[in-house]
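Note on naming: letters A, B, ... go to the chains in the order of the sequence lines (proteins, then strands), and numbering restarts at 1 for each one.
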Amino acid sequence: MIILLLLPSKIKAMAKNLVIVESPAKAKTIEGFLGKEFTVKSSFGHVRDLPKNAIGVNIEKGFDPEYEIPVDKKSVVADLRKLAKGAETVWLATDEDREGEAISWHLAESLQLTPDHYKRIVFHEITKNAILNAIKQPRKIDQNLVFAQQARRVLDRLVGFELSPLLWKKVKPALSAGRVQSVAVRLIVEREKEVQGFKAISSYRVSAIFSVEHDGDITPLKAELPQRFKTKEAAKAFLELCVGAKFTIEDIETKPAKKSPSPPFTTSTLQQEASRKLGFSVSRTMVVAQKLYESGKITYMRTDSHNLSGSAMAMAKEEIEKNYGADYVKLRKYTTKSKGAQEAHEAIRPTYMSVHQAGTDAAGQKLYELIWKRTLASQMSDALLEKTNISIGISTTKKEKFIASGEVVKFEGFLKVYFESTDDEEEESAAGLLPPMKKDQLLPLQEMTATERYSKPLPRYTEASLVRKMEELGIGRPSTYAPTISTIQKRTYVIKESRDGMKRTYSLLTLSNDKITEKEKHEVAGAEKNKLFPTDIGQVVNSFLMEHFSEIMDYNFTAKVEREFDEVAEGQKQWSLVIKNFYWPFHEKVEQTLKESEKYSGQRLLGKDPASGRNVYAKIGRFGSMIQIGDPEETDKPRFASLRKEQTIDTITLDESLELFKLPRKAGEFENKELVIGVGRFGPYIRHDGKFYSLPKEEDPLTVTTEKSIEVIEEKRESDRKKTIQTFDEEPDIRVLKGKWGPYIASGKKNYKIPKDLNPEQLTLEEIKKIISDGTSEAKSRKTKKTSSSKKRK
DNA sequence: CAGTGAGCGAGCTTCCGCTTGACTT
């Protein structure tokens, strides 16, 4: 039976033509365009690479790379080889960029294709016409472009596999360094330094609210003084000057303005907008986009091109005309400006503009909508605005004038569907419609305020804004932005988190009814949400690399080597010569650092311990950041203590570090067992009889009393009693408990859901054991599925 | 989901850029 079912595909005549592309989704689409004589298959990206666990470059022999087929590609290559043997012509249709050319070459090599057996073709858009045209213009593999890719690959391997082991020896095991990731970390470290070193300067901003009378109605009008006052005294003096003054409109100026839409999405701009508008992390965006791509809803999601195909523009035009009218159409070609862009694909856009909704879940739908709107808007008319500026004179001075401004949309254009967000969280919304006014009109003052405002440092990076910066510097590619961001977090060079701001006071002066009042107000400054912060290890690795390998850490290093790769691609330079010129001085530096440099711990001397007179250092050790009292050569061994989560080597003070040695401490006895107070990973705790009890936030672990500690323990016991539904004498480890989300079963350290149809109060031990064994086998199979790749790391 | 709370003897770790699937009788 089974054999019969398989037969049709076995006896199907071997197609005359085999087309190979990189992505299986693309293969499926293209197969539909070509006739029966074409079979379309995919290579799933690169089919050969340098070995995983060795340098794989023959340095002595002209940097000859030792390519191999990775295990997960063996079957792909075997299948393709079989199909290629039976085909008259193999069409290598990988992307038209450096990597794509290299993939074609590796395919030709590993499928043993002779020059008369294959043809190389390229196309930039997945349409029937584009592909038929490509087939009419075949060429051979561009060997120089392949050499350029090889140079890129070998350089990255040499840098990564020589610098990383150096870090293992000099800093900490299992660290990594590379042309891309190390510079990404540098960006974050330096931004953090700028933020930390930033001194906020305050100045006073004056604004006024006037009354505008029109047809018996009174409308408030907000106006601002363009200049700021440096001191409170100056601001106050100005307000005093305005007491009893008359305010008159001196000038009304209106001028037209326009806004143009942004270009369609690339990988990086999609990541930025999805982060700002939908709160997606960079990797979430890519996973969701991948699903939309695989189901044929959008074009390829890893691209650096702003370009739309002719047919896409025609679809957009039709859609805009249908929904908004011909006035809203303005077709535009966008050029790509970003450094090192290779433009092998189109911009990210809906496959069919007439499909307004797609995606199987909320995330997919939202992302699709974003892509659809952005694409449509990119082909729409400019928005036409009218901006009005009103200049308001003050009778008591000629020097200063208030300015009120308004903006009216005359024609919405693309704003009907889309406007781009910005990273500036406090961006003031544009002023709207102004009430009718005329020159020389007198404006009664309602209230005038002078508010103290502080200057702000450059913002810390989000994942998405880091990607934008990397793209600007030409570092990394659309396919690597998300993986790089997760690598630097996995290595704990960088942590993404939210931090509370600090309360600060500011002054507010108010002039109202000819009286000036002064108030102190509070605001929270410097709070951060989901931003990237460097860790101690990130800082230490960064300064180590900056000290010894400034060339690679230079923001222009990639751009510099890319220029050389371009020369290789154009046949003006030999690839191995480019590598040779880079490698030997670099390698020399690695050897020298290995020999001459001490172990690098980012050690900082904080001062002397008043009790012992020994040196106190902050540094990183085997388990992270720590404080060390004393030097190893002294007769008394050094003492160690870990830093708290929020402390860093760079900022901790001597006093703070000595505090760390005061814990854990004994705090008396209870039930004949010792009470120990300490601070763990999750904050201050009391340890008693092998159990841990969290200390309430308001209690200071250094001063908490025995009585208070006992109280905390009793309270915890009481709440535990309350949440216990069932216990079993024969299995003390198994309990039925009441949690935040309803009843559950706790067995040792694991928890299990109770099926809805069972009553938790009457569960028998047998039923519970069954739930546990069902639960564990399910969890196990899920785990092996998900972590097959991450397992190797352990 | 629900609780959590280490300690510095071995061997391994690592790059960037393409791309997603997962043994059979």
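- Backbone-only engagement by A/S176 is indicated by non-hydrogen atom pairs under 4.0 Å involving sugar-phosphate atoms exclusively.
- Distances from the side chain of A/E99 to the nucleotides B/dC18, B/dG5, B/dT14 place B/dC18 closest.
- For B/dT4, the base is not stacked against the aromatic ring of A/F692, per a cut-off of 5.5 Å between centres and 30° between planes.
- Taking the six-membered ring for Trp and thresholds of 30 and 60 degrees, A/Y583 and A/F63 have ring planes more than 60 degrees apart, a perpendicular arrangement.
- Judged by distance alone with a 3.5 Å cut-off, no donor-acceptor contact links the side chain of A/R477 to the base of B/dC18.
- For the pair A/F582/A/E551, a side-chain contact is recorded, criterion being any heavy-atom separation below 4.5 Å from C-beta on.
- Within 4.0 Å (heavy atoms only), A/T484 reaches no atom of the nucleic acid at all.
- For the OP1/OP2 pair of B/dG17 and a distance below 4.0 Å, the side-chain nitrogens and oxygens of A/R179 include at least one atom meeting the criterion.
- One side chain, A/S104 or A/T94, offers a donor N or O that lies under 3.5 Å from an acceptor on the other.
- No engagement by A/G678 is indicated, since no non-hydrogen atom pair under 4.0 Å with the nucleic acid exists.
- Between A/Y67 and A/W105, the ring-plane angle classifies as perpendicular under the 30° and 60° cut-offs.
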DNA chain B base-pair string [pairs: Watson-Crick or G-U under 3.5 Å; |: paired with another strand]: .........................
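- For the pair A/L175 CG and B/dC15 P, the computed distance is 10 Å after rounding to whole Å.
- Heavy atoms of A/Q181 sit under 4.0 angstrom from primed sugar atoms or phosphate atoms, though from no base atom.
- A donor-acceptor contact closer than 3.5 angstrom links the side chains of A/S23 and A/Y293.
- Residue contacts shown for A/T558 are absent, as no nucleic acid heavy atom lies under 4.0 Å away.
- A/Q489 contributes a side-chain N or O that, together with a main-chain N or O of A/I485, makes up a donor-acceptor pair within less than 3.5 Å.
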Polar-atom pairs under 3.5 Å, protein N or O versus N or O of nucleotides 19-21 of chain B: list them with distances, or write none.
residue, atom, partner, partner atom, Å
B/dT19, OP1, A/Y300, OH, 2.4
B/dT19, OP2, A/Y300, OH, 2.7
B/dT19, OP2, A/R302, NE, 3.1
B/dT19, O5', A/Y300, OH, 2.9
B/dT19, O4', A/G45, N, 3.3
B/dT20, OP1, A/S23, OG, 2.7
B/dT20, OP2, A/Q290, NE2, 3.0
B/dT20, OP2, A/R302, NH2, 2.9

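- Residue contacts shown for A/R157 include a base, since a base heavy atom lies under 4.0 Å away.
- Mapping A/S182 and A/K716 onto DNA chain B by nearest heavy atom places A/K716 at the nucleotide closer to the 5' end.
- Judged as a salt bridge (Lys or Arg N to Asp or Glu O under 4.0 Å), and not counting sequence neighbours, A/R157 has no contacts.
- When heavy atoms are screened at a 4.0 angstrom cut-off, A/R98 is found touching no nucleic acid atom at all.
- In this structure, the NZ atom of A/K172 is 17 Å from the P atom of B/dT13, given to the nearest Å.
- Remark: A/I627 CD1 to A/I649 CD1 distance equals 8.0 Å, nearest 0.5 Å.
- Distances shown here put every side-chain N or O of A/R639 at or beyond 4.0 Å from the OP1 or OP2 atom of B/dC8.
- Heavy atoms of A/V180 sit under 4.0 angstrom from primed sugar atoms or phosphate atoms, though from no base atom.
- Counted by atom type alone, A/S268 and A/E471 present one or more donor-acceptor pairs between their side chains at under 3.5 Å.
- No engagement by A/A102 is indicated, since no non-hydrogen atom pair under 4.0 Å with the nucleic acid exists.
- Atom CZ of A/R152 is separated from atom C1' of B/dC18 by 9 Å (rounded to the nearest Å).
- Look at CG on A/L50: it is 14 Å from P on B/dG17, rounded to the nearest Å.
- Distance, A/R644 CZ to B/dG5 P: 17 Å, rounded to whole Å.
- Relative ring orientation between A/H345 and A/Y300 is described as tilted, the plane-to-plane angle lying within the 30° to 60° band.
- Of the possible donor and acceptor atoms, one in the side chain of A/Q628 sits under 3.5 Å from a partner among the backbone N and O of A/G630.
- Along DNA chain B, the nucleotide closest to A/T480 and the one closest to A/A174 are compared, and the more 5′ of them pairs with A/A174.
- The separation between A/K490 atom NZ and B/dT13 atom P is 14 Å, rounded to whole Å.
- Atom-to-atom, CG of A/L163 to C1' of B/dT13 comes out at 15 Å; the value is rounded to the nearest Å.
- You cannot call A/W168 stacked on the base of B/dT14; the centres under 5.5 Å and planes under 30° rule is not satisfied.
- Atoms CZ (A/F557) and P (B/dC15) sit 16 Å apart, rounded to a whole Å.
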